[in-house]
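Letters go in sequence order (proteins before strands), and every chain restarts at 1. Computation of the quantities below employed the complete heavy-atom set of this structure, encompassing side-chain atoms and omitting hydrogens, waters and symmetry-equivalent molecules.
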Amino acid sequence: MDISIIIGGEAGAGVMRSGYILARALVRGGLSVFGTNDYPSLIRGGHNAYMIHASDKRIHAHRENFDIVVALNAETITRYVDQLTENAAIIYDPKDRSYAEKLSDKALLVEIPMMDIVKEEKAKPVMMNSVAIGAAAGLTEYDYEILKSSILDSFPKPEVGEINARLAKRGYDIALEEYSSKFKIKVAPLEKDGKQIYLTGNEAVALGAMQAGMKFYAAYPMTPASPILHFLALHGPKYGIVVVQPESEIAAINMVIGAAYAGVRAMTATSGGGFSLMTEALGLAAMSETPIVVAIAQRVGPSTGMPTYTAQTDLMFVLNASQGEFPRFVIAPGDVKECFYRTIEAFNLAEKFQVPAIILIDKYLAESHMSTEIFDTSNIKIDRGELITGEYKGKEYRRYEVTETGVSPRAIPSTRNAIVKANSSEHTEYGYASSNALNAVKMQEKRFRKLKYMIMEMDKLNPAIYYGDPQAELVLIGWGSIKCPVLDALEILKSMDISVGFLHFIYLSPFPVKYALKYLKDRKIMLVENTYTGQLANLLKMHTGLTVDYKVLRYDGRPINPSQIVEKVFEVIR
Amino acid sequence: MDISIIIGGEAGAGVMRSGYILARALVRGGLSVFGTNDYPSLIRGGHNAYMIHASDKRIHAHRENFDIVVALNAETITRYVDQLTENAAIIYDPKDRSYAEKLSDKALLVEIPMMDIVKEEKAKPVMMNSVAIGAAAGLTEYDYEILKSSILDSFPKPEVGEINARLAKRGYDIALEEYSSKFKIKVAPLEKDGKQIYLTGNEAVALGAMQAGMKFYAAYPMTPASPILHFLALHGPKYGIVVVQPESEIAAINMVIGAAYAGVRAMTATSGGGFSLMTEALGLAAMSETPIVVAIAQRVGPSTGMPTYTAQTDLMFVLNASQGEFPRFVIAPGDVKECFYRTIEAFNLAEKFQVPAIILIDKYLAESHMSTEIFDTSNIKIDRGELITGEYKGKEYRRYEVTETGVSPRAIPSTRNAIVKANSSEHTEYGYASSNALNAVKMQEKRFRKLKYMIMEMDKLNPAIYYGDPQAELVLIGWGSIKCPVLDALEILKSMDISVGFLHFIYLSPFPVKYALKYLKDRKIMLVENTYTGQLANLLKMHTGLTVDYKVLRYDGRPINPSQIVEKVFEVIR
Amino acid sequence: MVTMNQLNTKARNTWCPGCGNFAILTALKKAIVELDLKPENVVVVTGIGCHGKLGDYINVNSFHVIHGRVLPVASAIKLANYELTVIGHAGDGDAYAIGLGHLPHAARRNVDIVYIVHNNMTFGLTTGQVTPTTPRGLKTRSTPYGVFEDPINPIALALACDATFVARGFAGDLNHLTYLIKEAIKHRGFAFIDVLQPCVTFYNTYQFFRERTYRLEDEGWDPTNKVEAFKKAYEWGDRIPIGIFYRIEKPTFRDSIPGYPKQPLVKEDLKIDLTDLLNLLT
Amino acid sequence: MVTMNQLNTKARNTWCPGCGNFAILTALKKAIVELDLKPENVVVVTGIGCHGKLGDYINVNSFHVIHGRVLPVASAIKLANYELTVIGHAGDGDAYAIGLGHLPHAARRNVDIVYIVHNNMTFGLTTGQVTPTTPRGLKTRSTPYGVFEDPINPIALALACDATFVARGFAGDLNHLTYLIKEAIKHRGFAFIDVLQPCVTFYNTYQFFRERTYRLEDEGWDPTNKVEAFKKAYEWGDRIPIGIFYRIEKPTFRDSIPGYPKQPLVKEDLKIDLTDLLNLLT
Ligand SMILES: Cc1ncc(C[n+]2csc(CCOP(=O)(O)OP(=O)(O)O)c2C)c(N)n1
Ligand SMILES: Cc1ncc(C[n+]2csc(CCOP(=O)(O)OP(=O)(O)O)c2C)c(N)n1
Ligand code: SF4
Ligand code: SF4
Ligand SMILES: [Mg+2]
Ligand SMILES: [Mg+2]
């Protein structure tokens, strides 16, 4: 069983929420579910969509075609004509019948009197979306009780949940009774061990930060990173986490640096434009060796670009941001699970090496929901590196003591017998400003000596992961969220007996050279990336000399589809 | 004749000015002169130095050892012991005799009663520096009248010039009479055609901007770029140029964008930290296709680093700054002459392609003075590209009209029959915001279509210049100010019958791939760069696959010496 | 003479129905029509946010810049070509959060532009987070337990920044707002208007302000006394004043700039003769 | 108890002899000694400029940050560990040019820190350019024909930003300055002190201010009336007031933050149990 459903309507019609509720019901049935949205940068009136891909096998991405179109308005009916599968159905309200009728040869027309039902039940017009998702569930003969539980748990106010559940039931019944016999795909809950959760990359990053012991979060809203702020503002206070929205991204990152200097784990998140404003302070963190974590959710640039659409175009920028040279971690998780665990890793690495660590995601990963087994938090390790609190036992504390690893013992203010002098200027071991040439060499080499140890540590952390046929001639490469469509593409290709490999880069800095050489040498390489220029290809060449042979690129703001990858592989293999 | 003189003293003692005056006197004598400074980031008390390298042959850089040390204080006497040439002399005041005497076997001791002379002449103590440079001139038997002319023209107030000239004469006479016979190097003016000017990279960039027709300059002070602001603030108003110092670098670049949108040529300049703050607006310029010029004078990072010292560490940052992908020009002139002409070029290219153009220099080039033939301004071309003023003759004006070259006709506000809509969001041809997928592709491709034409244009402009033996097995590469020490190193090597080549990159974006391949394929390559990581090597590999074999790097904030290069070549050639 | 209709564009308006931005747009258009300005000589500079889309909806030159940078861009457009009428539109997030650092400087320089802040007390376009003007206690997406900072007072701030024209408008009072915008355009110098703009989706303040606002002009307010204006700026309760709090004349930025040529910069010849200057460097 | 001598460091002082910064440093040290603060519990955050070197010269924790960002860094240090005494030192360029956007926000939040602005009316370290407090007409390196903008009024601005402690000091009046810094440290909330600091190299104002400054405290000034304080802020002529213009109590930022734990953040356990939260996501 594999089904793809799209719910569409006007911005403000609750498209995303109802899509989420339906998807969540499927998740609760043990299915593997991926839900993603498509919306323009406006509050009301534009077209919004939520796409659900669900399967009884493990899936990782959206599908570009749909088995069910849930049309909350007329526009939705016609918008996806070219993306209907053979046995598709369209759910719509009778008021939009004239649009639907034109498609009678393309899809099963499932007319549900949503507006009437809403009126009869004295509900708000916007609640027609609950009727609609009820109908979608009914059409596939899914278990209504599970849908109901999802609805009830998704509205904070029980009375509201109840109404919506009632509305869904009405849509459910009509679809089940009048249409389900004509619709081929049936969805049934699975018997499966272990609870699943259904969450976005943003939420997973937020949870990872919480689990890592972050106590201070400051961020200025910016699509698509704002939900991290919303999530932490809502849930942080219960866990003693201070969450503030300061006056700008510049303030945010400088606050994070201040908090980290004072000894708490701290993070900020933003998108490219906000990160542009943070570049100067990123250098401050590096020079003062203050461990901070910055999460960046990319969107389409340049400049304001298309704020609600996805891209991977900030890679080279993030790798090279800020004046001067310093080592940094840039970590790009590929799905929600990785978002959680890699964020924890980022906090540990930042403190262990006293360098900035950047989590690099994109709108597609940040805002897509994925089902995943509930996170195992029993084994989380917190490694604060060479942190000194309470009292310094040595003789005379030097914040920038030159050591073999480049990492200096890090006391925090209030430590007895230690005066902690941090400095953005080049400095002596004590932290006093110095422009002495020998000192400069000593300090620059100290900071860069960390790199060797960072690489050693990274090499233990699966910085790049290989999937698929170990011997494949053709290896796809990609980073971050590209994992999602590629893994699904791999499955499709496998089902066609085409075997390729996939090397997924999670670390971009330091660059996992060993892994790249091990898996890519003497293979044909195909890059898959949401950019125009193919940045990872440049990076790979720079670090290893290896050249990418083929590219699957996309730069219209939409995520790459598994089928787009499959097609390109076809083209190449022939 | 080749001489190297260092003048040292306390910050505030007028070291730089007196060094400049002496150097200028040599320039007026037709010599080839290079003058550079070394000072910490403070106003009083630290040690300052001005180094003069002069020759009757063309030279391009400082020398790391000195024939004359002009010591305005005791510290200077001892500071350069290890850098004295065989026949060196030290000029000092009797009060510091005890320090000098220890060096009597290392140098000719030229004791000049500078303080006494100043007192006798009832001048200010700081004016002892004029006595000192007079003595230096006397020691080398240089023409006093030329020195006098340099002094008189270097003080705005004639009376002050007169006193200083008198003081210099007294130093001159003593040195000439009592010491010159014991000093080997004699400096004499040359008979030479054509006037020379003596100026810094900063001044040359400022002059280039003026000559290019820049009418608006906004900049926030930042070492080592501030002198551009000072120069333009002083001289701009006479030429109808508006010069403002706004509240921040963010304000500066956004002002420049506003002015450029309104139709005037506009520029800002800064160093790495300020540029960090400009990255967001750089993307605005790119997305709105507003032609701006940004000059960046690099200094040592990360962060505040060593503000008054030199580095080339911002290359990768500048090439990749700002979110999203867009073409840009990054041009790194190698000496003052190139600063002038390439800045004019940058303005033309920015307007022709409606992209940001960046002039990338560094403290060494920005603040070093070089003698050069007076700029020929008779043939300067101003090319404003597809600018429309007055009246738009077409039907309905579209700011972002899609064209074959990617460049759209650019009307400015006030143009009749044209409404000019510029936008940082992705937009339609009219400039209205749009997140339509097809439109996004169209626009991203339009902007990147320019790249092809930018490269074609670049290829005509000597984007990388080859020096030295055309057949050399070993080719040095470098960019920007590296040209200075390398050209002198080449001369030294030639005099030793060692022939190497040098490919000097002036354009870093677009990268001159053709030139790189033409001159570097199948050669041994040695990178010379003021960085820790060797950024050009990475860039070269990324763009051409070519690998650098050897590196001469320096990251203590001091410029690379010709002799450092010579040594490395030796080491390799053996 | 341009008509209201000619000021429309083909762009589809995506503001929420009922949004206070419509009134600001209409008032602006009316001001342009009534002052008989030529569209090609008007430039609207907008920030990022719902308000920022205004440029798409009015047929004059426009520049949709980046978040918080309306003032420097607008200031320089005016310096480059002072024959243009330059009107900046910023959101309260834009103007008072990320971009607040520019306000005191534009004000003290007395740049001859109009600065209209669409103050809906929320980050509209990013779905309703707290801004520096959101009242304490209000639950927003980023302050689910209520705003925990005191808001700024834009009028007091603009006064302390020595702006030469300081006004407050209300999007629910179109005629008065039109009047303010016209006066602001006519003012020679930096004209600041904070407009109370209900956001029907995230913070609908229509009723609140309808019940409380009154026009300073109706009470014979004397807008020449800064200390009195400052006092007035703190009136915020049952009665909330709208109108021109303060207005004086002083030289504009351009008037003060040494060497500003006799015509707009944009008309200056690009060719200059540097011979004299180069000779100074010999 | 710490002594003045123990507050010295080994770093070589590179301020010009006679610089006003020396007095500010001394006043700060005296305040620390007199209030009997433990050096390890004091953090000094400094900006970039001559003033920024202060951290090198005092033996307490210090963070020499980047230009203009003293306030966000200092604010967060305090939030992370409110047992620390956090004192920000900024230059007038730092505080009033590039960093001015942070002032209104730190003020309205009432972050419990001290903010001392070394107002020498020049960019000292970059060799004397105009800043937002340089008087009109003065010739500087970036305004060789005289400053052509009106300066800001830091006191008026801080008042309009609703700072809860607004003072002006003079580096030529060490005792008074020490008093101000002590009061500022004791103040629970955001304490702003603009210090008139002569720069002997680029703008020597010792005599000018010596002749004009007088202490508000000597005149029985009542620092509880904002409008009066605002009026006073504009007194700048033959007589220039120094002292505490305004001072009130209100909850600090930390007091207002929902969920701030019972102890400083820095003492909180990093391990938390997310089970409940994860269950919400099933
Ligand atoms: C540098 C930067 N940070 C954040 C954003 C995200 N952003 C877009 S609009 C907006 C807030 C808009 O609020 P406001 O200025 O009040 O405008 P409104 O939508 O309310 O009209 C923000 C934070 C951005 N575009 N750029
Ligand atoms: C982002 C950035 N821009 C510019 C500079 C250069 N800079 C260093 S100090 C300074 C001005 C200092 O003036 P002020 O803050 O008044 O301090 P003062 O030296 O007068 O104490 C500037 C502009 C910088 N360090 N960082
Ligand atoms: S969200 Fe608010 S400000 Fe934005 S368009 Fe809707 S009503 Fe207007
Ligand atoms: S330049 Fe001015 S502020 Fe800086 S140290 Fe010297 S006197 Fe002090
Ligand atoms: Mg708003
Ligand atoms: Mg200053």
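- Residues Glu268(D) and Val264(A) fail the side-chain proximity criterion, which asks for heavy atoms closer than 4.5 Å.
- For the residue pair Asn254(A) and Val73(D), the shortest heavy atom distance occurs at O-CG2, 3.4 Å.
- Atom CG of Leu270(D) and atom CE of Met214(A) lie 10.5 Å apart (nearest 0.5 Å).
- For Leu71(D), no part sits under 4.5 Å from any heavy atom of chain A, backbone or side chain.
- The one candidate from Val65(D), Val45(D), Asn61(D) that meets the side chain to side chain contact (heavy atoms under 4.5 Å, CB included) condition with Tyr261(A) is Asn61(D).
- Counting only distance, with no hydrogens or angles, the side chain of Lys215(A) and the backbone of Asp269(D) share a donor-acceptor pair below 3.5 Å.
- Contact annotation for Asn423(A): both backbone and side-chain heavy atoms come within less than 4.5 Å of a heavy atom of chain D.
- Proximity of a side-chain donor or acceptor of Asp56(D) to a complementary backbone N or O of Ala433(A) within less than 3.5 Å is detected.
- The shortest heavy-atom contact between Tyr432(A) and Lys10(D) is OH-N, 3.9 Å.
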Side chain to side chain contact (heavy atoms under 4.5 Å, CB included) evaluation trace for Asn279(D) with Ile374(A): CA-CA 8 Å; Asn279(D) 276 329; Ile374(A) 199 162; 3.9 Å; yes
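- Both the backbone and the side chain of Arg416(A) come within contact range of chain D, judged by heavy atoms closer than 4.5 Å.
- The side-chain heavy atoms of Arg69(D) and Ile257(A), taken from C-beta on, include no pair separated by under 4.5 Å.
- Neither the backbone nor the side chain of Ala411(A) comes within less than 4.5 Å of any heavy atom of chain D.
- Within the 4.5 Å cutoff, the side chain of Ile419(A) has no heavy atoms near those of the Thr9(D) side chain.
- Only the side chain of Lys195(A) comes within less than 4.5 Å of a heavy atom of chain D; its backbone N, CA, C and O stay farther away.
- Contact of Ile257(D) with chain A is made through the side chain alone, with heavy-atom distances under 4.5 Å.
- Heavy atoms closer than 4.5 Å to chain D are found in both the backbone and the side chain of Val420(A).
- Lys421(A) and Gly55(D) make their closest contact through NZ-O, 2.7 Å (heavy atoms, listed as atom of the first residue, atom of the second, distance).
- Between chain A and the options Thr275(D), Leu274(D), Val266(D), heavy-atom pairs under 4.5 Å are most frequent for Leu274(D).
- Atoms CG and NE2, from Leu284(A) and His67(D) in turn, are 14.0 Å apart once rounded to the nearest 0.5 Å.
- Within the 4.5 angstrom heavy-atom criterion, only side-chain atoms of Val244(A), from C-beta onward, approach chain D.
- For Ser414(A), the parts lying near chain D are the backbone and the side chain together; criterion is any non-hydrogen pair under 4.5 Å.
- Counting all heavy atoms, side chain and backbone alike, Gly101(D) lies closest to Glu247(A) at O-CG, 4.0 Å.
- Neither the backbone nor the side chain of Thr14(D) has a heavy atom closer than 4.5 Å to any heavy atom of chain A.
- With a threshold of 4.5 angstrom between heavy atoms, Phe347(A) does not approach chain D through any atom at all.
- His105(D) NE2 to Ser248(A) OG: the interatomic distance, rounded to the nearest 0.5 Å, is 8.0 Å.
- Within the 4.5 angstrom heavy-atom criterion, only side-chain atoms of Phe253(D), from C-beta onward, approach chain A.
- Taking CZ of Phe231(A) as the reference point, atom CG of Leu281(D) lies at 5.5 Å (rounded to 0.5 Å).
- For chain A, the nearby parts of Ile66(D) are the backbone and the side chain; heavy atoms of each come within less than 4.5 Å.
- Looking at Ile272(D), both its backbone and its side chain come within 4.5 Å of chain A, counting heavy atoms on both sides.
- Nearest heavy-atom pair, Arg109(D) versus Gln245(A), reported as atom, atom and distance to 0.1 Å: NH2-O, 4.2 Å.
- Interface residue Gln211(A): backbone and side-chain heavy atoms are both found under 4.5 Å from chain D.
- Of all non-hydrogen atoms in Gly240(A) and Leu265(D), the two that sit nearest each other are O-CD2, 3.6 Å.
- Heavy atoms of Ser150(A) lying under 4.5 Å from chain D are absent altogether.
- Of the atoms belonging to Ile412(A), it is side-chain heavy atoms, and not backbone ones, that fall under 4.5 Å from chain D.
- Proximity to chain D involves both the backbone and the side chain of Leu207(A), based on heavy atoms less than 4.5 angstrom apart.
- Other residues, nucleotides and ligands place no more than 12 heavy atoms under 6.0 Å from the NZ atom of Lys381(A).
- Proximity to chain A at a heavy-atom threshold of 4.5 Å picks out Pro39(D), Glu40(D), Asn41(D), Val43(D) from residues 27-43 of chain D, in numerical order.
- The candidate with the highest count of non-hydrogen atom pairs below 4.5 Å against chain A, out of Asn81(D), Val86(D), Leu277(D), is Leu277(D).
- For Arg265(A), the part lying under 4.5 angstrom from a heavy atom of chain D is the side chain only.
- No side-chain heavy atom of Met255(A) sits less than 4.5 Å from a side-chain heavy atom of Leu79(D).
- With a 4.5 angstrom heavy-atom cutoff, Thr290(A) touches chain D only via side-chain atoms.
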